[in-house]
*Asks:* 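Sharing a structure here in structure tokens format.
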Amino acid sequence: MTALIASGCGFFGPQWPFDDIPKAVTRKVKGGNIDVHPSEKALIVQYEVEATILGEMGDPMLGERKECQKIIRLKSLNANTDITSLARKVVEECKLIHPSKLNEVEQLLYYLQNRRDSLSGKEKKEKSSKPKDPPPFEGMEIDEVANINDMDEYIELLYEDIPDKVRGSALILQLARNPDNLEELLLNETALGALARVLREDWKQSVELATNIIYIFFCFSSFSQFHGLITHYKIGALCMNIIDHELKRHELWQEELSKKKKAVDEDPENQTLRKDYEKTFKKYQGLVVKQEQLLRVALYLLLNLAEDTRTELKMRNKNIVHMLVKALDRDNFELLILVVSFLKKLSIFMENKNDMVEMDIVEKLVKMIPCEHEDLLNITLRLLLNLSFDTGLRNKMVQVGLLPKLTALLGNENYKQIAMCVLYHISMDDRFKSMFAYTDCIPQLMKMLFECSDERIDLELISFCINLAANKRNVQLICEGNGLKMLMKRALKFKDPLLMKMIRNISQHDGPTKNLFIDYVGDLAAQISNDEEEEFVIECLGTLANLTIPDLDWELVLKEYKLVPYLKDKLKPGAAEDDLVLEVVIMIGTVSMDDSCAALLAKSGIIPALIELLNAQQEDDEFVCQIIYVFYQMVFHQATRDVIIKETQAPAYLIDLMHDKNNEIRKVCDNTLDIIAEYDEEWAKKIQSEKFRWHNSQWLEMVESRQLDESEQYLYGDDRIEPYIHEGDILERPDLFYNSDGLIASEGAISPDFFNDYHLQNGDVVGQHSFPGRSFPAKNKAPHFGLSEIKRQYSLKKRIPICVDSVRWLI
């Protein structure tokens, strides 16, 4: 095959040193390997082209080889395609494939037919997250074919009038769209400088000219190594100015159009006004098309430059986010895809997200869900996912009605995963959990759960279900029919801890739902052993602990499944992870509601084990609260109450925790101590004493600190203060104590004997110190209770007025 070389084209570059010598070239094509396309239904044919330049006498002068490939797309290939016939047709129509490779082609087609069509999640994300390159726009479509050897002519056109500048820029753009020409264009500083100058000076005069030149620089921006060139000519900053200007122009056009539309509406019979409006509207449509072409290529260039976070920060400082959100009002799908893609990239930074909040972005995005354009819907959902990490924006999504729209997308396989992630974030807020009950979300989720063929359910799906199961109304829908039965069956079959966590959330709600679990108590109790996975056992224990059902015979369950030794063993320090131990404590608290169970646990020696655990976990509020709750349940029963009061130090620990900083711990302590005080007089005095000491601690500290210099004269003459406090502790005056009728009489029904826990040391009264934190008494050592280290020796030189209110009992 022989052909004349086209000037400036071919294998050997644009230059030829011997222009006066006739030139011809021979080309040989050699077929190579055939392979399947990695993601599409297509074959890739590798081949080699060898070209030789012949001299005047036909002798070879210069030769070169080039490896090429051809992609054969098979759009009609499906499960019912006749592979043999298709392979024969491919070989016949593609001259690069030798007939001897028919069997190989057939095998490759068979592989493509059976390969899964869907891409992996990562490939899908990459495919959909990057917008398509802009197509040739109006103004570029000229009849001429550009030649890189004619660059000087094209540069000359840039110095002429606007029409010539548009033509010259369009021809240079033809060259720039071929990546092979970019390096040579890069070396032509004259051309690039001229393009940058024309754009800077004349962009307002012609939209087509601005679009062409920006597109040329966009071609460079597609490659990171050329970003320095664009920065050098400050094209990015210029594009920001152009975008801002065009958006303002669009607002003026809309304002003018709305005025004329209003005039027509006010006088519908006036044909002149109507024709003027129609003419203006048609002109507006033409201007918008050209403007959106310009905006699209300018924004795409900025998106490429934003790979560098420093450049992105500069854009943010120039209000790029506000410009992009304004552009969301457009109707051009391709432009919207680009704008939303840019916003998605920016949304990962807090400052940009805050700017989007100011511009009410959620209200603008809601119109795109759903939409007919798949790529736009996909990228919009991904932007919403980024925004849904913000609590305020999740609230806004619910307010604008996105919840039912997102729920409807769960039935679409293309958007199910991303829509579920957004809904999962919304379900994290307790305010919105109940709203899912008024959509068809829960039936769809249950269907997905039961149709899942894998042992482990998708993390997004099960996490979403766990959140929804925390709401009582949702749980009623989940348990409709055989819902709970199917969940239990699957959870016990696959030992799935996350599915069991969902069941545990279901079990926490009072009412008819909780009674459904009576049928599964045995199945759950059977899972509690050292043989099962710990995470699964934790959820089973938690589910059982939620079953506060009066009719449930816990004693039978404990004996039948031998749970008491297991529970006691797990209370030993270091016997299990804290999460499991905590669930064991909660379980003990639940079964202790039953009188016979409480007695059974007390006989097994669990109460001392709990006290030891309390001492070891005294800094963990959850442990402390749950252990105290066990004591609270046990003091209701006579058998366990006597054990706790007379055989353990549990009341001493409870008194230490009366004034804990955690409000829940204080409440449980107070309730438990009230019951103990009701049944034991000795502990009642100690509890009352501690409450008195705590209530009046500030006054006692003030009394202790009021010591004056002995040389100072008495303020009120020579009378000493003894007649008032009788050289003793003012707190030992029972006539200042209160009872329900007011002050107690001086003979006093209450004796101060309960202060005898104090002993003298170096002339001072020493006793239990105040309790700023949790400092429990040492094991096997009875603690002292009473007032905190009140000194008996006062050196007061002034009379101290006594405020009766300051020593009032706190009961």
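What you see below is based on every heavy atom in this structure, not just the backbone, and it leaves out hydrogens, waters and symmetry mates.
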*Asks:* Is any side-chain heavy atom of F436 closer than 4.5 Å to a side-chain heavy atom of F464?
*Replies:* yes
*Asks:* Without hydrogens or angle criteria, can the side chains of Q527 and K495 be said to hold a donor-acceptor pair below 3.5 Å?
*Replies:* yes
*Asks:* Looking only at side chains, do Q638 and D642 share a donor and an acceptor under 3.5 Å apart?
*Replies:*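 Per modelled atom types, Q638 and D642 side chains form a pair under 3.5 Å.
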*Asks:* Below 4.5 Å, heavy atoms only, C-beta onward: do N615 and Q618 meet side chain to side chain?
*Replies:* yes
*Asks:* Given 3.5 Å as the limit, does a donor-acceptor pair link the side chain of T672 with the main chain of V668, or not?
*Replies:* yes
*Asks:* Can you say whether the rings of H659 and W694 are parallel (under 30°), tilted (30 to 60°) or perpendicular (over 60°)?
*Replies:*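 Rings of H659 and W694: parallel, under 30°.
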*Asks:* Has S689 got a side-chain atom pairing as donor or acceptor with K685's backbone, closer than 3.5 angstrom?
*Replies:* no
*Asks:* Give a yes or no on whether the backbone of N546 and the side-chain of K514 come within a donor-acceptor separation of less than 3.5 Å.
*Replies:*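 Looks like yes, one N/O pair under 3.5 Å.
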*Asks:* State whether D390 and K353 are salt-bridged, where the test is any N-O pair (Lys NZ or Arg NE/NH1/NH2 against Asp/Glu carboxylate O) under 4.0 Å.
*Replies:*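 Yes.
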*Asks:* Ignoring hydrogens and angles, state whether a donor on the side chain of K667 or N662 is under 3.5 Å from an acceptor on the partner side chain.
*Replies:* no
*Asks:* Classify the side-chain pair E622/Q626 by whether it contains a donor and acceptor separated by less than 3.5 Å.
*Replies:*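 Yes, side-chain donor-acceptor contact under 3.5 Å.
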*Asks:* Is the NZ or CZ atom of R456 both under 6.0 Å from the centre of the six-membered ring of F494 and within 45° of that ring's axis?
*Replies:*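 No; the conditions do not both hold, so R456 does not lie above the ring face of F494.
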*Asks:* Does any N or O in the side chain of R394 come within less than 3.5 Å of the main-chain N or O of S388, such that one atom is a donor and the other an acceptor?
*Replies:* yes
*Asks:* A side-chain contact here means heavy atoms from C-beta on lying under 4.5 Å apart; do Q633 and I588 qualify?
*Replies:* no
*Asks:* Can any side-chain N or O of D660 pair as donor or acceptor with the backbone N or O of I665 at less than 3.5 Å?
*Replies:* no
*Asks:* How close do C597 and L558 get, heavy atom to heavy atom, and via which atoms?
*Replies:*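 Where C597 meets L558 most closely, the heavy atoms are SG-CD1, 3.8 Å.
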*Asks:* My understanding is that only residues two or more places apart in sequence, or in another chain, count here; which of them pass side chain to side chain donor-acceptor pair (under 3.5 Å) with E560?
*Replies:*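 In terms of side chain to side chain donor-acceptor pair (under 3.5 Å), with neighbours along the sequence ignored, E560 is linked to no residue.
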*Asks:* Which pairs with one or both residues in residues 629-650 pass ring pair (Phe, Tyr, Trp, His ring centres under 6.0 Å), sequence neighbours excluded?
*Replies:*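 Sorted result for residues 629-650: Y632-F636.
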*Asks:* Taking N474 for the side chain and L468 for the main chain, is one N or O donor matched with an acceptor at less than 3.5 Å?
*Replies:* yes
*Asks:* Give a yes or no on whether E535 atom CD has more than 12 heavy-atom contacts from other residues, nucleotides or ligands under 6.0 Å away.
*Replies:* no
*Asks:* Tell me whether D674 is salt-bridged to K691, with the criterion being a basic N under 4.0 Å from an acidic carboxylate O.
*Replies:* yes
*Asks:* Please answer whether the main-chain N or O of G511 pairs with a side-chain N or O of K472 as donor and acceptor at a distance below 3.5 Å.
*Replies:* no
*Asks:* Contact between L563 and W554 at the side-chain level, heavy atoms closer than 4.5 Å - yes or no?
*Replies:* no
*Asks:* Is E577 atom CD crowded by more than 12 heavy atoms from other residues, nucleotides or ligands, each under 6.0 Å away?
*Replies:* no
*Asks:* Would you give the length of the straight line joining atom CG of L403 to atom SG of C441, rounded to the nearest 0.5 angstrom?
*Replies:*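 It is 7.5 Å, given to the nearest 0.5 Å.
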*Asks:* Taking all heavy atoms of D578 and all of F623, pick out the closest pair and write down the distance.
*Replies:* O-CZ, 3.4 Å
*Asks:* Knowing that exactly one of I655, L673, D656 qualifies, which makes a side chain to side chain contact (heavy atoms under 4.5 Å, CB included) with E690?
*Replies:*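 Running side chain to side chain contact (heavy atoms under 4.5 Å, CB included) over I655, L673, D656 with E690 returns exactly one hit, I655.
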*Asks:* Taking D458 for the side chain and E460 for the main chain, is one N or O donor matched with an acceptor at less than 3.5 Å?
*Replies:*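 Side chain of D458 to backbone of E460: no pair is present.
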*Asks:* Holding to side chain to side chain donor-acceptor pair (under 3.5 Å), I want the full list of residues that pass it with K433, two or more places apart in sequence or in another chain.
*Replies:*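 Testing K433 for side chain to side chain donor-acceptor pair (under 3.5 Å), a comparison that skips the adjacent residues, returns D430.
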*Asks:* Between R641 and E678, is there a salt bridge with N-O shorter than 4.0 Å?
*Replies:* no
*Asks:* Please report the interatomic distance CD(Q617) to CG(L610), rounded to the nearest 0.5 Å.
*Replies:* 12.0 Å
*Asks:* Does E682 CD have over 12 foreign heavy atoms under 6.0 Å away?
*Replies:*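 Incorrect, the count does not exceed 12.
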*Asks:* Quick check: do I457 and L499 have side-chain heavy atoms less than 4.5 Å from each other?
*Replies:* yes
*Asks:* Working to the nearest 0.5 Å, report the span between CG of L445 and CG of L423.
*Replies:*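 Rounded to the nearest 0.5 Å, the CG-CG separation comes to 8.0 Å.
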*Asks:* Rounded to the nearest 0.5 Å, what separation is found between the CG atom of L567 and the CE atom of M587?
*Replies:*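 Reported value, rounded in 0.5 Å steps: 6.5 Å.
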*Asks:* Looking only at atom types and distance, does a side-chain atom of T590 sit under 3.5 Å from a main-chain N or O of I586, one as donor and one as acceptor?
*Replies:* yes
